[in-house]
Chemist: 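I am attaching a structure below and will ask some questions about it afterwards.
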Amino acid sequence: MNIGNEDEALAAIAQWRVEPPRAQLRELQLAIEKLELGQMYYEQKGNDQGVARLGRCIDLLSARRREVEGALPG
């Protein structure tokens, strides 16, 4: 799923909620890594709005990752 703003990040989280926790973690990690690359691209281009927008998406996905990790046994 392509994530470019907060609404898309929230939609992705909702879509992944039906997956097993380990699969959710994998999807979240991949999405975070892709967004971090996007941030680096925007930084190189001097697009501060893009950097901030993707940063907010990363924050949302990271918060969900912590929730899922906290629910795992052990």
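Quantities reported herein were computed from a predicted structural model and do not represent experimental measurements. Note: hydrogens, waters and symmetry copies are ignored here, and every other heavy atom, side chains too, is used. For the single chain, residues carry numbers from 1 onward in sequence order.
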Chemist: So how far is it from Arg64 CZ to Gln24 CD, rounded to the nearest 0.5 Å?
Modeler: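 Nearest 0.5 Å value for the CZ-CD distance: 4.5 Å.
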
Chemist: Compare every heavy atom of Ile3 with every heavy atom of Ala12, then report the nearest pair and how far apart it is.
Modeler: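 Reported closest heavy-atom pair: CB-CD1, 3.8 Å.
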
Chemist: Check salt bridge (charged side-chain N to carboxylate O under 4.0 Å, His left out) between Arg56 and all other residues, then give those that pass, not counting sequence neighbours.
Modeler: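 With neighbours one apart ignored, the set is Glu6.
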
Chemist: Name the one of Asp7, Leu10, Leu35, Ile32 that satisfies side chain to side chain contact (heavy atoms under 4.5 Å, CB included) with Cys57?
Modeler: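 Among Asp7, Leu10, Leu35, Ile32, the one meeting side chain to side chain contact (heavy atoms under 4.5 Å, CB included) with Cys57 is Leu35.
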
Chemist: Please go through Val18's hydrophobic cluster and name the other residues, only I, L, V, M, F, W, Y counting, with side-chain heavy atoms under 4.5 Å joining them.
Modeler: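 Cluster partners of Val18: none, it stands alone.
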
Chemist: Just how far is it from atom CG of Leu72 to atom CG of Leu25, taken to the nearest 0.5 Å?
Modeler: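 Between atom CG of Leu72 and atom CG of Leu25 there are 5.5 Å.
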
Chemist: Please answer whether the main-chain N or O of Gln29 pairs with a side-chain N or O of Arg65 as donor and acceptor at a distance below 3.5 Å.
Modeler: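 Not a single qualifying donor-acceptor pair exists.
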
Chemist: Locate the shortest heavy-atom distance separating Val68 from Leu28; write the atom from each residue and the value.
Modeler: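 Heavy-atom minimum between the residues: CG2-CD1, 4.4 Å.
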
Chemist: Which distance, rounded to the nearest 0.5 Å, do you find between the CD of Glu67 and the CD1 of Ile13?
Modeler: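 Rounded to the nearest 0.5 Å, the CD-CD1 separation comes to 8.0 Å.
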
Chemist: Within this structure, what is the CZ-CD distance for the pair Arg17 and Glu27, rounded to the nearest 0.5 Å?
Modeler: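 Spacing of CZ (Arg17) from CD (Glu27) equals 14.5 Å.
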
Chemist: Starting at CG of Leu30, measure out to CG of Leu61 and round the result to the nearest 0.5 Å.
Modeler: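 If we round to the nearest 0.5 Å, Leu30:CG and Leu61:CG are 11.0 Å apart.
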
Chemist: Once rounded to the nearest 0.5 Å, what's the spacing between atom CD of Glu36 and atom CE of Met40?
Modeler: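 Reported value, rounded in 0.5 Å steps: 7.0 Å.
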
